[in-house]
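Each remark here refers to the structure printed beneath this line.
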Amino acid sequence: MPIAYINHPDCLLHDMGSGHPERAARINAIADQMNASQLMDLVHYYDAPKATRQQLARVHDDQYIDEIITYEGKEGYTYFGPDAVLSPHTPQAALRAAGALIHATDLVLTNKHKVAFCNIRPPGHHALRDQAMGFCFFNNIAVGVAHAIEEYGLNRVAIVDFDVHHGNGTEAIFTDEPRVMLCSTFQHPFYPGVGADTVSDHIINVPLPAGTTGEKFREAVTTRWLPALHKFAPQMIFISAGFDAHQDDHMAMLNLCDNDYAWVTQEILGIADKYTEGRIVSTLEGGYELQALGRSVVAHLKVLMRMV
Ligand SMILES: [Zn+2]
(Lines give C-alpha, C1' and ligand atoms only; values in the text may rest on other atoms or scores of the structure.)
Protein backbone atom coordinates (compact mmCIF):
# COMPACT_ATOMS: atom_id res chain seq x y z
CA MET A 1 0.00 0.00 0.00
CA PRO A 2 1.55 3.37 -1.01
CA ILE A 3 1.85 6.06 1.64
CA ALA A 4 -0.23 9.23 1.51
CA TYR A 5 1.68 12.46 0.82
CA ILE A 6 -0.27 15.55 1.84
CA ASN A 7 0.62 19.08 0.82
CA HIS A 8 -1.00 22.27 -0.47
CA PRO A 9 0.34 25.17 -2.56
CA ASP A 10 -1.03 27.61 0.05
CA CYS A 11 1.65 26.37 2.46
CA LEU A 12 4.22 28.11 0.22
CA LEU A 13 2.54 31.50 0.65
CA HIS A 14 3.08 32.07 4.37
CA ASP A 15 6.01 34.45 4.78
CA MET A 16 7.75 35.56 7.99
CA GLY A 17 9.94 38.16 6.27
CA SER A 18 12.94 38.31 3.98
CA GLY A 19 15.71 35.90 4.92
CA HIS A 20 13.66 34.08 7.56
CA PRO A 21 14.80 30.45 7.96
CA GLU A 22 11.22 29.09 8.12
CA ARG A 23 10.61 29.61 4.42
CA ALA A 24 8.77 28.10 1.49
CA ALA A 25 12.00 26.70 0.04
CA ARG A 26 11.89 24.05 2.79
CA ILE A 27 8.81 22.44 1.29
CA ASN A 28 10.31 22.53 -2.19
CA ALA A 29 13.65 21.11 -1.00
CA ILE A 30 11.80 18.08 0.34
CA ALA A 31 9.79 17.64 -2.85
CA ASP A 32 12.94 18.06 -4.98
CA GLN A 33 14.81 15.41 -3.01
CA MET A 34 11.83 13.07 -3.18
CA ASN A 35 11.77 13.54 -6.94
CA ALA A 36 15.51 12.99 -7.25
CA SER A 37 15.18 9.79 -5.21
CA GLN A 38 12.18 8.68 -7.27
CA LEU A 39 9.97 8.55 -4.19
CA MET A 40 7.41 11.00 -5.52
CA ASP A 41 6.18 8.47 -8.10
CA LEU A 42 5.53 5.96 -5.32
CA VAL A 43 3.34 8.10 -3.04
CA HIS A 44 -0.33 8.93 -3.35
CA TYR A 45 -0.74 12.73 -3.42
CA TYR A 46 -3.54 14.57 -1.60
CA ASP A 47 -4.30 18.28 -1.32
CA ALA A 48 -4.71 19.38 2.29
CA PRO A 49 -8.19 20.68 3.11
CA LYS A 50 -8.61 23.65 5.43
CA ALA A 51 -9.17 22.65 9.05
CA THR A 52 -12.58 23.70 10.33
CA ARG A 53 -13.18 25.90 13.35
CA GLN A 54 -14.63 22.92 15.22
CA GLN A 55 -11.53 20.82 14.53
CA LEU A 56 -9.21 23.63 15.67
CA ALA A 57 -11.29 24.42 18.75
CA ARG A 58 -10.49 21.00 20.23
CA VAL A 59 -7.00 22.32 21.02
CA HIS A 60 -7.17 26.13 20.60
CA ASP A 61 -9.21 28.90 22.20
CA ASP A 62 -11.95 30.47 20.05
CA GLN A 63 -10.60 34.00 20.32
CA TYR A 64 -7.13 32.84 19.30
CA ILE A 65 -8.53 31.05 16.23
CA ASP A 66 -10.40 34.26 15.31
CA GLU A 67 -7.26 36.37 15.61
CA ILE A 68 -5.53 34.22 12.99
CA ILE A 69 -8.46 33.64 10.63
CA THR A 70 -9.48 37.30 10.51
CA TYR A 71 -6.00 38.34 9.40
CA GLU A 72 -6.81 37.00 5.92
CA GLY A 73 -6.85 39.84 3.41
CA LYS A 74 -4.96 42.26 5.66
CA GLU A 75 -1.68 43.75 4.51
CA GLY A 76 1.82 43.75 5.90
CA TYR A 77 3.51 41.92 8.73
CA THR A 78 2.22 41.86 12.31
CA TYR A 79 4.02 40.62 15.42
CA PHE A 80 1.84 37.82 16.79
CA GLY A 81 4.00 36.22 19.47
CA PRO A 82 7.63 35.30 20.14
CA ASP A 83 9.14 34.33 16.76
CA ALA A 84 5.74 34.41 15.06
CA VAL A 85 4.76 36.99 12.46
CA LEU A 86 1.40 37.14 10.67
CA SER A 87 1.45 38.01 7.00
CA PRO A 88 -1.45 38.19 4.52
CA HIS A 89 -1.33 34.50 3.55
CA THR A 90 -0.60 33.08 7.00
CA PRO A 91 -4.25 32.18 7.71
CA GLN A 92 -4.72 30.04 4.62
CA ALA A 93 -1.33 28.32 5.05
CA ALA A 94 -1.99 27.64 8.75
CA LEU A 95 -5.49 26.30 8.02
CA ARG A 96 -4.10 23.97 5.31
CA ALA A 97 -1.28 22.78 7.59
CA ALA A 98 -3.71 21.86 10.36
CA GLY A 99 -6.14 20.45 7.78
CA ALA A 100 -3.39 18.18 6.43
CA LEU A 101 -3.28 16.45 9.81
CA ILE A 102 -7.05 16.01 9.79
CA HIS A 103 -6.93 14.46 6.33
CA ALA A 104 -3.95 12.28 7.20
CA THR A 105 -5.76 11.00 10.29
CA ASP A 106 -8.90 10.26 8.28
CA LEU A 107 -6.94 8.41 5.56
CA VAL A 108 -5.12 6.24 8.08
CA LEU A 109 -8.07 5.52 10.38
CA THR A 110 -10.34 4.58 7.46
CA ASN A 111 -7.62 2.18 6.21
CA LYS A 112 -7.07 3.97 2.91
CA HIS A 113 -3.39 4.22 3.82
CA LYS A 114 -1.33 2.81 6.66
CA VAL A 115 1.02 5.79 6.68
CA ALA A 116 0.65 9.47 5.79
CA PHE A 117 3.31 12.19 5.59
CA CYS A 118 2.39 15.88 5.70
CA ASN A 119 4.90 18.15 3.93
CA ILE A 120 3.46 21.34 5.36
CA ARG A 121 4.27 24.68 6.95
CA PRO A 122 3.95 26.61 9.17
CA PRO A 123 5.08 24.00 11.69
CA GLY A 124 3.06 23.50 14.87
CA HIS A 125 4.62 21.93 17.95
CA HIS A 126 5.40 25.20 19.80
CA ALA A 127 1.86 26.60 19.37
CA LEU A 128 -0.03 26.83 22.66
CA ARG A 129 -3.83 26.88 23.06
CA ASP A 130 -3.85 30.66 22.93
CA GLN A 131 -0.42 31.74 21.74
CA ALA A 132 1.71 31.50 18.62
CA MET A 133 5.44 31.08 19.12
CA GLY A 134 8.56 29.62 17.55
CA PHE A 135 7.34 29.87 13.91
CA CYS A 136 4.12 27.97 14.88
CA PHE A 137 0.47 29.13 14.73
CA PHE A 138 -1.90 26.17 14.97
CA ASN A 139 -0.57 23.06 16.69
CA ASN A 140 -1.04 20.82 13.67
CA ILE A 141 -0.16 17.52 15.32
CA ALA A 142 -2.38 18.26 18.31
CA VAL A 143 -5.25 18.98 15.93
CA GLY A 144 -4.70 15.56 14.32
CA VAL A 145 -4.40 13.72 17.62
CA ALA A 146 -7.54 15.37 19.01
CA HIS A 147 -9.36 14.36 15.81
CA ALA A 148 -8.28 10.73 16.26
CA ILE A 149 -9.59 10.77 19.83
CA GLU A 150 -12.84 12.69 19.29
CA GLU A 151 -13.86 11.41 15.86
CA TYR A 152 -12.62 7.83 16.06
CA GLY A 153 -12.75 7.18 19.80
CA LEU A 154 -9.10 6.20 20.20
CA ASN A 155 -7.92 6.27 23.79
CA ARG A 156 -4.18 5.61 23.46
CA VAL A 157 -2.39 7.86 20.97
CA ALA A 158 1.39 8.34 21.01
CA ILE A 159 3.26 11.38 19.70
CA VAL A 160 7.00 11.08 19.13
CA ASP A 161 8.88 14.33 18.59
CA PHE A 162 12.52 14.28 17.48
CA ASP A 163 12.71 17.95 16.52
CA VAL A 164 15.72 19.60 18.18
CA HIS A 165 13.39 21.95 20.07
CA HIS A 166 11.05 20.78 22.81
CA GLY A 167 7.43 20.58 21.64
CA ASN A 168 6.21 22.75 24.49
CA GLY A 169 2.89 23.52 22.83
CA THR A 170 2.07 19.85 22.36
CA GLU A 171 3.05 19.11 25.95
CA ALA A 172 0.94 21.99 27.31
CA ILE A 173 -2.12 20.96 25.30
CA PHE A 174 -1.98 17.32 26.43
CA THR A 175 -0.44 17.68 29.88
CA ASP A 176 -3.68 16.58 31.58
CA GLU A 177 -4.71 14.11 28.85
CA PRO A 178 -3.67 10.56 29.78
CA ARG A 179 -4.99 9.24 26.45
CA VAL A 180 -1.98 10.91 24.80
CA MET A 181 1.66 9.93 25.37
CA LEU A 182 4.32 12.40 24.22
CA CYS A 183 7.89 11.13 23.79
CA SER A 184 10.32 13.95 23.02
CA THR A 185 14.06 14.38 22.63
CA PHE A 186 15.42 17.91 22.42
CA GLN A 187 18.51 20.02 23.00
CA HIS A 188 18.58 21.49 26.51
CA PRO A 189 19.20 24.09 27.71
CA PHE A 190 17.85 25.68 24.53
CA TYR A 191 14.73 27.27 23.02
CA PRO A 192 11.99 27.20 24.32
CA GLY A 193 13.70 26.51 27.65
CA VAL A 194 11.12 24.16 29.15
CA GLY A 195 10.47 20.43 29.28
CA ALA A 196 13.51 19.20 31.19
CA ASP A 197 11.72 19.21 34.56
CA THR A 198 8.42 17.66 33.55
CA VAL A 199 7.38 14.77 35.79
CA SER A 200 4.61 12.70 34.21
CA ASP A 201 3.99 9.08 33.31
CA HIS A 202 2.66 10.04 29.88
CA ILE A 203 5.07 12.88 28.96
CA ILE A 204 8.49 11.33 28.34
CA ASN A 205 10.93 14.21 27.92
CA VAL A 206 14.58 13.45 27.23
CA PRO A 207 16.74 16.60 27.26
CA LEU A 208 20.06 16.24 25.43
CA PRO A 209 23.08 18.52 25.86
CA ALA A 210 24.58 20.48 22.95
CA GLY A 211 26.98 18.30 20.99
CA THR A 212 24.99 15.11 21.47
CA THR A 213 25.84 12.57 18.78
CA GLY A 214 23.69 10.00 17.04
CA GLU A 215 25.02 7.28 19.33
CA LYS A 216 23.77 9.08 22.46
CA PHE A 217 20.49 9.98 20.76
CA ARG A 218 19.90 6.30 19.92
CA GLU A 219 20.71 5.35 23.50
CA ALA A 220 18.18 7.92 24.78
CA VAL A 221 15.45 6.63 22.46
CA THR A 222 16.22 3.01 23.33
CA THR A 223 16.27 3.47 27.09
CA ARG A 224 13.59 6.16 27.54
CA TRP A 225 11.10 6.20 24.64
CA LEU A 226 10.80 2.56 23.72
CA PRO A 227 10.02 1.07 27.15
CA ALA A 228 7.38 3.78 27.70
CA LEU A 229 5.83 3.15 24.28
CA HIS A 230 5.71 -0.63 24.84
CA LYS A 231 3.99 -0.07 28.19
CA PHE A 232 1.50 2.42 26.66
CA ALA A 233 0.70 0.17 23.66
CA PRO A 234 -0.58 2.99 21.41
CA GLN A 235 -3.42 2.51 18.91
CA MET A 236 -1.86 5.09 16.58
CA ILE A 237 1.43 6.99 16.36
CA PHE A 238 1.94 10.59 15.27
CA ILE A 239 5.45 11.88 14.52
CA SER A 240 6.50 15.52 14.98
CA ALA A 241 9.22 15.12 12.38
CA GLY A 242 11.67 17.98 12.78
CA PHE A 243 15.08 17.60 11.19
CA ASP A 244 16.90 20.52 12.85
CA ALA A 245 18.94 18.22 15.13
CA HIS A 246 21.00 17.37 12.00
CA GLN A 247 24.69 18.13 12.31
CA ASP A 248 24.55 20.34 9.19
CA ASP A 249 21.64 22.42 10.58
CA HIS A 250 22.92 25.50 12.34
CA MET A 251 19.63 26.28 14.06
CA ALA A 252 20.88 24.15 16.96
CA MET A 253 23.85 22.12 18.18
CA LEU A 254 22.96 18.44 18.10
CA ASN A 255 24.90 16.20 15.73
CA LEU A 256 22.52 13.72 14.13
CA CYS A 257 23.06 12.48 10.57
CA ASP A 258 20.71 11.18 7.87
CA ASN A 259 21.08 7.59 9.13
CA ASP A 260 19.95 8.53 12.63
CA TYR A 261 16.61 9.65 11.18
CA ALA A 262 16.29 6.34 9.34
CA TRP A 263 17.13 4.50 12.55
CA VAL A 264 14.62 6.30 14.77
CA THR A 265 11.94 5.87 12.11
CA GLN A 266 12.64 2.13 12.04
CA GLU A 267 12.23 1.96 15.81
CA ILE A 268 8.92 3.85 15.60
CA LEU A 269 7.78 1.56 12.80
CA GLY A 270 8.59 -1.42 15.00
CA ILE A 271 6.28 -0.06 17.71
CA ALA A 272 3.62 0.65 15.07
CA ASP A 273 3.82 -2.88 13.67
CA LYS A 274 3.44 -4.35 17.13
CA TYR A 275 0.58 -2.20 18.44
CA THR A 276 -1.06 0.03 15.77
CA GLU A 277 -1.31 -2.23 12.70
CA GLY A 278 1.36 0.03 11.22
CA ARG A 279 -0.72 3.21 11.49
CA ILE A 280 1.54 6.29 11.48
CA VAL A 281 0.97 9.96 10.64
CA SER A 282 4.17 11.97 10.28
CA THR A 283 4.28 15.74 9.89
CA LEU A 284 7.07 18.19 9.19
CA GLU A 285 8.13 20.46 12.04
CA GLY A 286 11.62 22.08 11.85
CA GLY A 287 14.65 21.56 9.61
CA TYR A 288 16.32 24.55 8.03
CA GLU A 289 19.43 23.40 6.16
CA LEU A 290 17.82 22.56 2.87
CA GLN A 291 20.14 19.78 1.65
CA ALA A 292 20.18 18.00 5.01
CA LEU A 293 16.42 18.48 5.34
CA GLY A 294 15.65 16.95 1.94
CA ARG A 295 17.99 14.00 2.48
CA SER A 296 16.77 13.33 6.01
CA VAL A 297 13.11 13.36 4.98
CA VAL A 298 13.94 10.89 2.21
CA ALA A 299 15.71 8.66 4.75
CA HIS A 300 12.62 8.92 7.01
CA LEU A 301 10.21 8.15 4.16
CA LYS A 302 12.19 5.21 2.75
CA VAL A 303 11.73 3.47 6.10
CA LEU A 304 8.04 4.38 6.30
CA MET A 305 7.64 3.08 2.72
CA ARG A 306 9.47 -0.13 3.74
CA MET A 307 12.08 0.31 1.03
CA VAL A 308 14.96 -0.36 3.42
ZN1 LIG B 1 12.80 22.85 15.79
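Worth saying up front: this structure is predicted, and the values here are computed from it rather than measured. Whatever order the structure lists ligands and atoms in, that order sets their numbers, starting from 1.
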- Message: Taking backbone and side chain together, does Glu285 place any N/O/S atom at a distance below 2.8 Å from the Zn ion (ligand 1)?
- Response: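 It does not: Glu285 brings no N, O or S atom closer than 2.8 Å to the Zn ion (ligand 1).
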- Message: Under 2.8 Å from the Zn ion (ligand 1), can any N, O or S atom of His125 be found?
- Response: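 For His125, the answer is no, given that no N, O or S atom comes within less than 2.8 Å of the Zn ion (ligand 1).
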- Hydrophobic side-chain clustering at under 4.5 Å (ILVMFWY, transitive links): who's grouped with Ile6? Put none if nobody.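 Noted: Ile6 shares its cluster with Tyr46, Leu107.
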Could you list the donor-acceptor pairs under 3.5 angstrom formed between side-chain atoms of residues 28-43 and any protein atom two or more places apart in sequence or on another chain?
residue, atom, partner, partner atom, Å
Asn35, ND2, Ala31, O, 3.3
Ser37, OG, Gln33, O, 2.8

- Item | Arg26 charged N/C atom sitting above Tyr288 aromatic ring, 6.0 Å / 45° |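 So Arg26 does make the cation-pi contact.
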- Under 3.5 Å, side chain of Asp61 to main-chain N/O of Tyr64, donor-acceptor pair present?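 Side chain of Asp61 to backbone of Tyr64: no pair is present.
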- Measuring from the Zn ion (ligand 1), name the closest N, O or S atom belonging to Asp244.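 Restricting Asp244 to its N, O and S atoms, the minimum distance to the Zn ion (ligand 1) goes to OD2.
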- Taking the Zn ion (ligand 1) as the vertex, measure the angle between atom OD2 in Asp163 and atom ND1 in His165; round to 10°.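 Value, to the nearest 10 degrees: 150°.
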